[in-house]
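Data first, discussion second: the structure below is written as structure tokens.
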Amino acid sequence: MADKHNVMFVCLGNICRSPMAEAVFKEVIKQRGIADKWYAESSGTGGWHVGCSPDQRTMAVLKKNNIEYQHTAQQLVKDDFHRKPKGSKAEVFLLGSFDPKGETIIQDPYYDSDNLGFEKCYIQCWKSCNAFLDKYNK
Ligand code: 4NP
């Protein structure tokens, strides 16, 4: 892990958006043949869903896109910030800030009554993870 680029995707509950982003990111680095250069995880700022699997709508969208993924929700903790060793260039970004069309915000789909927000989240994650890697994969 130390010699890899580290990415932590963060949302509120770690059951919808950030697991989607993590799963998509891992698929993209696999497809690009750069999986050995990156370490990715996800977590939530809140702890309500710690220990839970991702929302079934996240899993359904991933499955529909042939992405296998397993995750157990975890809360972001202080130690996560120690991933920024002295001299590191770690930064905090909105994932959506990489969206080529400037759609910065990845809306919370948790309270939606259907899958549309999750489908949209998937597309945004796909575009932004690719744009992020175009810029930062060295
Ligand atoms: P996430 O979605 O932050 O994308 O995982 C949410 C999950 C749970 C809740 C809100 C948003 N919640 O209120 O429990």
Side-chain angles (χ1 to χ4, degrees):
M1 189 172 114
D3 56 344
K4 295 186 177 193
H5 300 297
N6 292 311
V7 180
M8 172 67 88
F9 294 99
V10 180
C11 61
L12 179 62
N14 193 217
I15 54 169
C16 301
R17 291 163 292 179
S18 61
M20 184 86 84
E22 179 193 341
V24 166
F25 185 84
K26 287 178 170 170
E27 177 66 17
V28 173
I29 58 175
K30 193 170 88 181
Q31 288 189 13
R32 289 183 179 215
I34 55 171
D36 56 330
K37 293 168 65 177
W38 291 86
Y39 176 82
E41 268 192 62
S42 65
S43 60
T45 53
W48 311 281
H49 299 280
V50 168
C52 297
S53 296
D55 188 288
Q56 58 182 11
R57 294 165 295 178
T58 292
M59 295 305 288
V61 172
L62 291 172
K63 192 171 176 196
K64 192 173 150 187
N65 288 282
N66 295 314
I67 296 178
E68 275 186 41
Y69 179 64
Q70 283 187 330
H71 181 67
T72 302
Q74 57 178 355
Q75 187 171 19
L76 187 71
V77 292
K78 256 190 195 168
D79 268 359
D80 289 318
F81 291 92
H82 297 157
R83 292 160 199 254
K84 184 174 179 179
K86 213 172 170 198
S88 120
K89 293 176 186 147
E91 286 180 64
V92 177
F93 300 113
L94 283 176
L95 179 59
S97 67
F98 295 94
D99 186 317
K101 287 197 178 151
E103 204 171 355
T104 311
I105 302 302
I106 301 179
Q107 296 284 351
D108 180 359
Y110 181 67
Y111 292 103
D112 293 2
S113 54
D114 55 31
N115 271 16
L116 292 180
F118 287 82
E119 301 272 8
K120 182 164 184 187
C121 175
Y122 173 84
I123 292 166
Q124 287 181 285
C125 287
W126 187 268
K127 286 191 294 183
S128 292
C129 284
N130 272 289
F132 171 85
L133 285 164
D134 288 345
K135 187 166 178 187
Y136 287 102
N137 184 59
K138 295 270 160 36

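Counting starts at 1 for both ligands and their atoms, in listed order. Below, each value reflects all heavy atoms present in this structure, side chains not excepted, and no hydrogens, waters or symmetry copies. Treat the numbers as computed from the prediction; the structure is a model and nothing was measured.
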Legend entry - Shell of residues surrounding ligand 1, defined by a 4.0 angstrom heavy-atom cut-off that is strict: Cys11, Leu12, Gly13, Asn14, Ile15, Cys16, Arg17, His49, Asp108, Tyr110, Tyr111

Legend entry - Test side chain to side chain donor-acceptor pair (under 3.5 Å) applied to Asp55 and His49, step by step: CA-CA 10 Å; Asp55 188 288; His49 299 280; over 6 Å; no

Legend entry - Between Tyr69 and Glu27, a side-chain donor and acceptor under 3.5 Å: no

Inset, instruction - Assess whether side chain to side chain contact (heavy atoms under 4.5 Å, CB included) is satisfied between Thr45 and Val10, documenting all intermediate values. - result: CA-CA 7 Å; Thr45 53; Val10 180; 3.8 Å; yes

Inset, instruction - Please say whether more than 12 non-hydrogen atoms of neighbouring residues, nucleotides or ligands are located less than 6.0 Å from CD in Gln31. - result: yes

Legend entry - Heavy-atom side-chain proximity of Gln124 to Met20 below 4.5 angstrom: no

Legend entry - Test: Lys30 and Glu68 ion pair at under 4.0 Å: no

